Amino acid sequence: MILNKSYREFWKNQTTPLHRMNDEKTYKAYAQELSNIFSYLGYFNGKILEIGCGNGALFPFFDFDHRLYTGIDFSPSLMKIFRANYPNVSLIECDAADFIPDDKYNLIFGNAVHQHFSKKMLTYHVKNMLSCLTDGGALVLANVPYSKFRNNLFYGELFPNSHRDSLSIKSLKRRLSPIYQLLTTRSDGIGFWYSIKDIQEITGENYTVDIFGSNFYPYRVHFGIKKTLHDNEGKI
């Protein structure tokens with residue numbers, strides 16, 4: 001169930017997460033947006049697992065107790081940087097798609113990671129992560145390309161008007177791509193696109209799935225997943 005070899009090779013020697021905006025101000029804003037979601041989902045303290053932690057670019061901007069945090073990633077070069085900056089933080093070099101924790105966590109999240117998982121891989125991964133949540137814990141799949149916005153992105157409709165013409169010209173050869181991808185379920189240059197229905201099918205009826213917009217990527221969303229508390233479990 002591991003990610004393909006070419007993808008692993010690409011990340012083998014990278015030193016940054018390759019986000020569109022790669023500066024402290026942006027990472028601080030990213031972390032604040034995600035922290036607001038964590039709070040909304042009920043996380044205030046407890047063990048944290050970050051999927052695809054990379055070089056730890058987001059880490060210093062979260063108000064996490066370092067003793068309660070664990071990060072995983074498969075890129076040795078990114079992990080080397082994270083370890084050098086935070087030698088006392090728990091880090092594990094491994095494939096997130098196959099990783100099964102031997103501990104329970106109050107919060108599990110990954111930022112701009114899960115679009116690289118096929119539906120089969122994502123299903124396997126999410127079910128493993130849900131099994132490792134504490135009661136009341138939350139799983140957050142952050143900055144996932146949202147399938148309902150796919151055509152809008154390729155046609156330049158999610159950007160200011162000043163950019164639409166150039167984007168449309170550049171994407172002429174890709175305009176049939178959304179239809180093709182939907183028929184073949186293959187990923188494109190951005191990755192796999194998911195809907196809230198896809199995530200609900202993976203989690204099943206015992207979990208609630210909340211969806212949050214992204215302030216930085218208009219075609220991406222954050223999925224927040226929690227176990228449903230029935231009346232006999234204390235929910236009014």
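It should be emphasised that the depicted structure is a prediction, and the values quoted were computed from it without experimental measurement. Atoms considered below: every heavy atom in the structure, side chains included; atoms not considered: hydrogens, waters and symmetry mates.
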Novice: Which is it for Tyr124 and Asp98 under the side-chain contact (heavy atoms from CB on, under 4.5 Å) test, yes or no, and what are the steps along the way?
Specialist: CA-CA 8 Å; Tyr124 182 78; Asp98 276 344; 3.8 Å; yes
Novice: Kindly write out the residues that satisfy salt bridge (Lys or Arg N to Asp or Glu O under 4.0 Å) with Glu93, not counting sequence neighbours, or none if the list is empty.
Specialist: none
Novice: Working to the nearest 0.5 angstrom, can you tell me the gap between Tyr27 OH and Asn111 CG?
Specialist: 9.0 Å
Novice: Name all pairs fulfilling the side chain to side chain donor-acceptor pair (under 3.5 Å) condition that reach into residues 127-141, sequence neighbours left out, sorted by first residue then second.
Specialist: Asn106-Thr134
Novice: At their closest point, which heavy atom of Pro145 faces which heavy atom of Gln115, and how far apart are they?
Specialist: CD-CB, 3.3 Å
Novice: Kindly compute the distance separating NE2 (His116) from CG (Leu122), expressed to the nearest 0.5 Å.
Specialist: 12.5 Å
Novice: Rounded to the nearest 0.5 Å, what's the gap from CG on Asn215 to CD on Glu33? Could you check?
Specialist: 4.0 Å
Novice: Only one of Phe109, Phe59, Phe61, Phe216 forms a ring pair (Phe, Tyr, Trp, His ring centres under 6.0 Å) with Tyr30, so which one is it?
Specialist: Phe216
Novice: Please report the closest heavy-atom contact between Ile48 and Gly46, naming both atoms and the distance.
Specialist: CD1-O, 3.3 Å
Novice: Donor-acceptor pair, distance only, cut-off 3.5 Å: does the side chain of Lys227 make one with the backbone of Asn206?
Specialist: no
Novice: Identify the heavy atoms of Ala96 and Phe117 that sit nearest to each other, and give their distance.
Specialist: CB-CZ, 4.1 Å
Novice: Evaluate the side-chain proximity of Met79 to Cys53: yes if any heavy-atom separation is below 4.5 Å, no if none is.
Specialist: yes
Novice: Excluding sequence neighbours, so at least two apart, what forms salt bridge (Lys or Arg N to Asp or Glu O under 4.0 Å) with Lys119?
Specialist: Asp198, Glu201
Novice: NZ/Lys28 to CZ/Phe62 distance, rounded to the nearest 0.5 angstrom?
Specialist: 13.5 Å
Novice: To the nearest 0.5 Å, tell me how far Tyr219 OH sits from Trp193 CH2.
Specialist: 6.5 Å
Novice: Is there a side-chain contact between Tyr207 and Leu139 in this structure, where contact means two heavy atoms from C-beta onward sitting under 4.5 Å apart?
Specialist: no
Novice: Can you check whether Ser75's main-chain N or O pairs, donor with acceptor, with Asp73's side chain at less than 3.5 Å?
Specialist: yes
Novice: Under a 4.5 Å cut-off applied to non-hydrogen side-chain atoms, are Met129 and Ile225 in contact?
Specialist: no
Novice: Can you sort out the partners of Lys47 under salt bridge (Lys or Arg N to Asp or Glu O under 4.0 Å), two or more places apart, ordered by chain and number?
Specialist: Asp103
Novice: Going by heavy atoms in the side chains, are Leu141 and Val126 under 4.5 Å from each other?
Specialist: yes
Novice: Rounded to the nearest 0.5 Å, what separates atom CG in Leu133 from atom CD1 in Ile108?
Specialist: 4.5 Å
Novice: Going by heavy atoms in the side chains, are Tyr146 and Phe223 under 4.5 Å from each other?
Specialist: yes
Novice: Using the test side-chain contact (heavy atoms from CB on, under 4.5 Å), find all partners of Asp210 that sit at least two apart in sequence or belong to another chain.
Specialist: Tyr40, Leu41, Phe212
Novice: Which atom pairs, donor and acceptor, lie under 3.5 Å between side-chain atoms of residues 64-72 and protein residues at least two apart or in another chain?
Specialist:
| from | atom 1 | to | atom 2 | distance (Å) |
| --- | --- | --- | --- | --- |
| Asp65 | OD1 | Arg67 | N | 2.9 |
| Asp65 | OD1 | Arg67 | NE | 3.1 |
| Asp65 | OD2 | Arg67 | NH2 | 2.9 |
| Tyr69 | OH | Glu50 | OE1 | 2.5 |

Novice: Which atom names give the shortest non-hydrogen contact between Pro76 and Phe74, and what distance separates them?
Specialist: CD-O, 3.2 Å
Novice: Might you point out which heavy atoms bring Arg220 and Asn143 nearest each other, and give the distance in Å?
Specialist: NH1-O, 2.7 Å
Novice: Indicate the atoms forming the closest heavy-atom contact of Phe99 with Cys94, along with that distance.
Specialist: CD1-SG, 3.6 Å
